[in-house]
Amino acid sequence: MPRRLPLLTFLLLLGCLVISTSHALAADNANPVLQAGAYPANITPPLGEAIVGNWQPIPATHIHDELHARCIVLDDGNTKLAIVVCDNVGIPREVHDAAKKLIEAETGIPADHVLISATHTHSATTARGPYYVIPNEEPTFYQTFLVRRIADGVRCAINQLEPAKIGWGSVEEPSEVFNRRWFVKDGALLANPFGGIDQVRMNPPKGSAALDRPAGPVDPEVSFIAIQSKEGRPIALLANYSLHYVGGVPNGDVSADYFGYFAKFIEQKLNAVDQSPAFVGVLSNGTSGDVNNINFSEKGGKSYARYEKMQEVADKIASKVAAAAAKIEYKEEVTLDAAMTDLTLQVRKPTPEILQHFAEVRARAKAGGKQQHARELIYADRADFLMQSPKTFDVPLQALRIGDLAITAIPFETFTETGLELKARTPFAKSFTIELANGSYGYLPTPEQRRLGGYETWLGTNTVEQDASVKIVAELLKLEDSLLSTK
Ligand SMILES: [Zn+2]
């Protein structure tokens, strides 16, 4: 008797499996069920890799906290989307495309349904070559490692797909965003490395009497998407805030900055610690090319220990998001979709006058003469790079649809006013933008801001034509329209 039971049980189970599989197949088309899975793939570099984000790269000598590619996969029964947010300052398109190619080959998720971005932590190691990526150059060790880990992270998230529900919302946190570009009354603050004078100054001296007014707005909104199992166990939460980064990291330390602390704190505040599978908190960067959290008009202010301020900011945002996530409506059925296009932009080239200026700068440096601007040799190199670059860049633009929410993706450090414009003009009920997504092409000032000058607009910091942001907004709105009209 005992020996026959297993066979009987097996047959019964098989019968159940056949029935439930055919149920599931039938459900796929007629009555789609949302599934979700998430996985934080570790992308911490070896010590010795070059930390970038400041003027000169420095070798990593300590890991303060591990870096991750935080992956979320959603499946509505017909379509899968993958969203990956990497702790990195900015990842070139070649690396994103290589990761997407692996993901498509190994999981079947089409490349245009995968959004990969960088948080813009300034304390991660470079995913570029020694300077920018030179086409056809052999990938570096860290690029190859990053590609493999991103693709593995998406596969692991797929392995953990389970029936889920999803909701979204937003809260405001105005106290941590300040526009960092200022009109100032002191001409000495406005010199640029091209031998000219700007109209605005990035990061002016704090509390200075020369400060007039900020040159642009801020966006206090923290948007978020919360994902739970059918029973209400938190699976993942993706937030989005338009703040450059926080910093306060000693030289040589590797850290995910406040993006890493947000992931940790939101997990605690949602009571999702030590779950299996692990909960994944994610903070993506919004449109923060011209916004940091230094209150320039304030004199003095609190002094912080290392890593203290980033924890304060992360805690503040995670608290607000956790409270808001408890009040939103969760849906078990949503339509997922994605669209992607390449936009051809003219590459900005140095004028003959600028080349002449830098020839003089180099001659003066060679003769041991004094520099006129502290960054002039750096910008001489950047001008050379743009001279050697192709005439145009094809930049990837993407929009994701999650029900009546849209996520737009821009491969630049985007000015906040561009993000605000996309939010105002979206044809969806709600939208937000993830910057430094699917590529990394420098800053994206609006045409008006570019005319004002300042660091973010300098040739080499900004690499594309003056109207780029206008063209990008128009193209993204078209992509959103196409997503709304398909279903
Ligand atoms: Zn930056």
Side-chain angles (χ1 to χ4, degrees), residues 50-58 60 67 85-93 95 117-128 131-133 176-182 192-193 200-204 214-216 218-219 240-251 253-262 283-294 296 309-310 313-314 374-375 378-379 382 385 409-419 433-446 449-450 453-464 469:
I51 294 175
V52 281
N54 298 303
W55 289 105
Q56 297 298 342
I58 42 170
L67 307 184
V85 178
C86 302
D87 294 319
N88 195 277
V89 77
I91 301 171
R93 177 174 192 168
V95 176
S117 75
T119 57
H120 201 57
T121 171
H122 277 221
S123 42
T125 60
T126 184
R128 302 182 192 280
Y131 184 39
Y132 287 91
V133 164
E176 297 294 344
V177 278
F178 296 91
N179 198 290
R180 70 182 193 182
R181 288 162 54 79
W182 280 71
N192 64 39
V200 301
R201 159 83 189 209
M202 174 193 75
N203 290 345
V218 295
D219 179 1
N240 178 269
Y241 190 44
S242 295
L243 167 61
H244 209 76
Y245 72 108
V246 176
V249 175
N251 281 348
D253 269 24
V254 167
S255 169
D257 202 277
Y258 92 116
F259 308 96
Y261 276 110
F262 175 87
L283 179 58
S284 60
N285 206 321
T287 50
S288 66
D290 53 346
V291 170
N292 63 21
N293 71 341
I294 300 166
F296 292 99
K309 191 172 186 183
M310 65 170 75
V313 181
R375 312 290 176 212
I378 291 173
Y379 281 86
R382 292 187 181 187
F385 170 76
I410 299 182
F412 288 88
E413 292 185 60
T414 307
F415 274 38
T416 279
E417 48 200 292
T418 300
T433 298
I434 299 180
E435 73 171 18
L436 286 170
N438 305 313
S440 177
Y441 295 88
Y443 281 87
L444 184 68
T446 61
Q449 291 290 340
R450 203 166 110 181
Y455 163 76
E456 298 88 347
T457 73
W458 289 347
L459 176 98
T461 308
N462 165 249
T463 63
V464 292
S469 73

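In listed order, ligands and their atoms are each counted from 1. Here the structure is a predicted model, which means the values were calculated and not measured.
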Is the Tyr245 ring parallel, tilted or perpendicular to the His120 ring (thresholds 30°, 60°)?
->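 Ring orientation, 0 to 90° scale: perpendicular.
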
Go through the structure and list residues passing side chain to side chain donor-acceptor pair (under 3.5 Å) with Asp290, not counting sequence neighbours.
->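 Expected list: Asn179.
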
With Phe262 via ring pair (Phe, Tyr, Trp, His ring centres under 6.0 Å) - residues at least two apart =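 Here no residue qualifies.
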
Only counting residues at least two apart or in another chain, list the ones meeting ring pair (Phe, Tyr, Trp, His ring centres under 6.0 Å) with Tyr379.
->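 Ring pair (Phe, Tyr, Trp, His ring centres under 6.0 Å) check on Tyr379 returns Phe194, Trp458.
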
Any side-chain heavy-atom pair of Phe296 and Asn203 under 4.5 Å =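 In contact.
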
Do the non-hydrogen side-chain atoms of Tyr241 and Glu176 ever get within less than 4.5 Å of each other?
->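 Yes, at least one pair of side-chain atoms sits under 4.5 Å.
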
Closer than 2.8 Å to the Zn ion (ligand 1) - protein N, O or S atoms, ordered by chain and residue number |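 N, O, S partners closer than 2.8 Å: His120 NE2, His122 NE2, His244 NE2.
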
